[in-house]
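What follows is a set of notes on a single structure, which appears directly below.
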Number of protein chains: 2
Amino acid sequence: MINTNEFMAGLGKQVRFHRMKAGLTQVQLANMAGVGKTTVFDIEKGKTSVQIDSLLAVLGIVNIDIQFSGPLSMEYEKLMERENN
Amino acid sequence: MINTNEFMAGLGKQVRFHRMKAGLTQVQLANMAGVGKTTVFDIEKGKTSVQIDSLLAVLGIVNIDIQFSGPLSMEYEKLMERENN
DNA sequence: AGTATTTTACTGTTATGGCAGTAATACTGA
DNA sequence: TCAGTATTACTGCCATAACAGTAAAATACT
């Protein structure tokens with residue numbers, strides 16, 4: 001089971017690391033992502049209640065990829081392929 | 001760049017697939033995840049403005065894993081390791 | 001077909017996330 | 001040290017996510 005606090009804390013640190021390597025300030029990143037500076041600050045701080053769209057917008061700018069996979073994902077994909085033929 | 005709509009739509013379908021395979025109704029999943037039934041419905045429908053904590057709670061129940069990785073993730077990890085020694 | 005269950009959709013309420021503005025603190029470089 | 005920049009923290013407002021309740025539509029079951 002995923003610990004939301006840990007997950008977001010880790011993600012926040014990665015965002016900060018990538019942002020700084022890119023030479024961006026929080027405000028610059030916020031503007032590029034189309035969110036408020038407070039949101040970037042909150043994400044880096046590990047806030048757990050940010051909205052997905054805000055987070056994905058920020059992650060997109062700093063080039064962090066998000067992936068999901070469950071035990072039945074492969075089965076699902078194959079099923080979808082079949083449907084599209 | 002990630003398309004938020006597509007991402008959430010895909011994730012929603014995976015959630016639904018996993019939930020049904022687990023033999024759970026939306027209401028049951030909602031109760032187990034500690035969120036409202038509307039939230040589960042919204043996630044499966046691909047709503048892009050749900051909050052991370054709600055989403056992670058639901059994903060945890062249906063055993064879907066979320067991972068993130070950026071071009072500098074490895075570098076960051078190594079840096080952290082060094083700090084902890 | 002008929003019934004029970006589930007899902008979808010809508011509503012009104014409540015709680016809070018997102019936001020800009022601001023100010024104080026911390027950091028960086030000359 | 002001093003000045004400029006960035007981050008952190010706080011405030012108040014607004015928009016809306018989360019929620020339960022309800023009802024209709026869709027699905028499943030016998």
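Within every chain, numbering begins at 1; the chains are lettered A, B, ... in the order of the sequence lines, protein sequences first and strands thereafter.
Within residues 5-24 of chain A, the residues that place at least one heavy atom under 4.0 Å from DNA chain D are, in residue-number order, Arg16(A), Arg19(A).
Listed candidates were dA9(C), dT7(C), dG21(C). Nearest to the side chain of Lys37(A) is dG21(C).
The stretch residues 49-69 of chain B participates, sequence neighbours left out, in these side-chain hydrogen bond (donor to acceptor under 3.5 Å, both in side chains) pairs: Asp65(B)-Gln67(B). Screening residues 41-74 of chain A for ring pair (Phe, Tyr, Trp, His ring centres under 6.0 Å) gives Phe68(A)-Phe7(B) as the qualifying pairs, with residues at least two apart or on separate chains.
Side-chain contact check for Leu59(A) versus Leu11(A): some heavy-atom pair is nearer than 4.5 Å. For the pair Lys37(A) and Leu29(A), the minimum side-chain heavy-atom distance is 4.5 Å or more.
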Worked check of side chain to side chain contact (heavy atoms under 4.5 Å, CB included) between Asn31(A) and Gln28(A)
CA-CA 5 Å; Asn31(A) 289 336; Gln28(A) 286 173 328; 5.8 Å; no
So which protein N/O to nucleotides 11-18 of chain C N/O distances come out below 3.5 Å?
{"from": "dG17(C)", "atom 1": "OP1", "to": "Ser49(A)", "atom 2": "OG", "distance (Å)": "3.4"}
{"from": "dG17(C)", "atom 1": "O5'", "to": "Ser49(A)", "atom 2": "OG", "distance (Å)": "3.2"}
{"from": "dG18(C)", "atom 1": "OP1", "to": "Gln51(A)", "atom 2": "N", "distance (Å)": "2.8"}

I'd like a list of close polar pairs between nucleotides 24-30 of chain C and the protein, N/O only, cut-off under 3.5 Å.
none

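Partners of Ala33(B) under the side chain to side chain contact (heavy atoms under 4.5 Å, CB included) rule, at least two apart in sequence or in another chain, are Val35(B), Ala57(B), Val58(B), Ile61(B). With sequence neighbours left out, the side chain to side chain contact (heavy atoms under 4.5 Å, CB included) criterion links Thr38(A) to Asp42(A). Scanning for side chain to side chain contact (heavy atoms under 4.5 Å, CB included) contacts around Asn5(B) gives Asn3(B), Thr48(B), with sequence neighbours left out.
A distance of 13.0 Å separates CG in Leu79(A) from CE in Met74(A), rounded to the nearest 0.5 Å. Between the OG1 atom of Thr4(A) and the CD1 atom of Ile52(B) there is a distance of 9.5 Å, given to the nearest 0.5 Å.
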Could you tabulate the donor-acceptor pairs under 3.5 Å formed by side-chain atoms of residues 13-24 of chain B, not counting sequence neighbours?
{"from": "Gln14(B)", "atom 1": "OE1", "to": "Ser73(A)", "atom 2": "OG", "distance (Å)": "3.2"}
{"from": "Gln14(B)", "atom 1": "NE2", "to": "Glu77(A)", "atom 2": "OE2", "distance (Å)": "3.3"}
{"from": "Arg16(B)", "atom 1": "NE", "to": "Glu44(B)", "atom 2": "OE1", "distance (Å)": "3.2"}
{"from": "His18(B)", "atom 1": "ND1", "to": "Gln14(B)", "atom 2": "O", "distance (Å)": "2.9"}
{"from": "His18(B)", "atom 1": "NE2", "to": "Leu72(A)", "atom 2": "N", "distance (Å)": "3.1"}
{"from": "Arg19(B)", "atom 1": "NE", "to": "Glu44(B)", "atom 2": "OE2", "distance (Å)": "2.6"}
{"from": "Arg19(B)", "atom 1": "NH1", "to": "Leu24(B)", "atom 2": "O", "distance (Å)": "2.8"}
{"from": "Arg19(B)", "atom 1": "NH2", "to": "Glu44(B)", "atom 2": "OE1", "distance (Å)": "3.2"}
{"from": "Arg19(B)", "atom 1": "NH2", "to": "Glu44(B)", "atom 2": "OE2", "distance (Å)": "3.4"}
{"from": "Lys21(B)", "atom 1": "NZ", "to": "Glu75(A)", "atom 2": "OE2", "distance (Å)": "2.9"}

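Reading DNA chain D from its 5' end, the first and the last nucleotide to sit under 4.0 Å from a heavy atom of chain B are dA17(D) to dT22(D).
We find that CZ of Phe41(B) is positioned 5 Å from C1' of dT8(C), with the value rounded to whole Å.
Direction of the helix axis in the helix from dA1(C)-dT30(D) to dA30(C)-dT1(D) shifts by 70° between the two five-pair termini, rounded to 10°.
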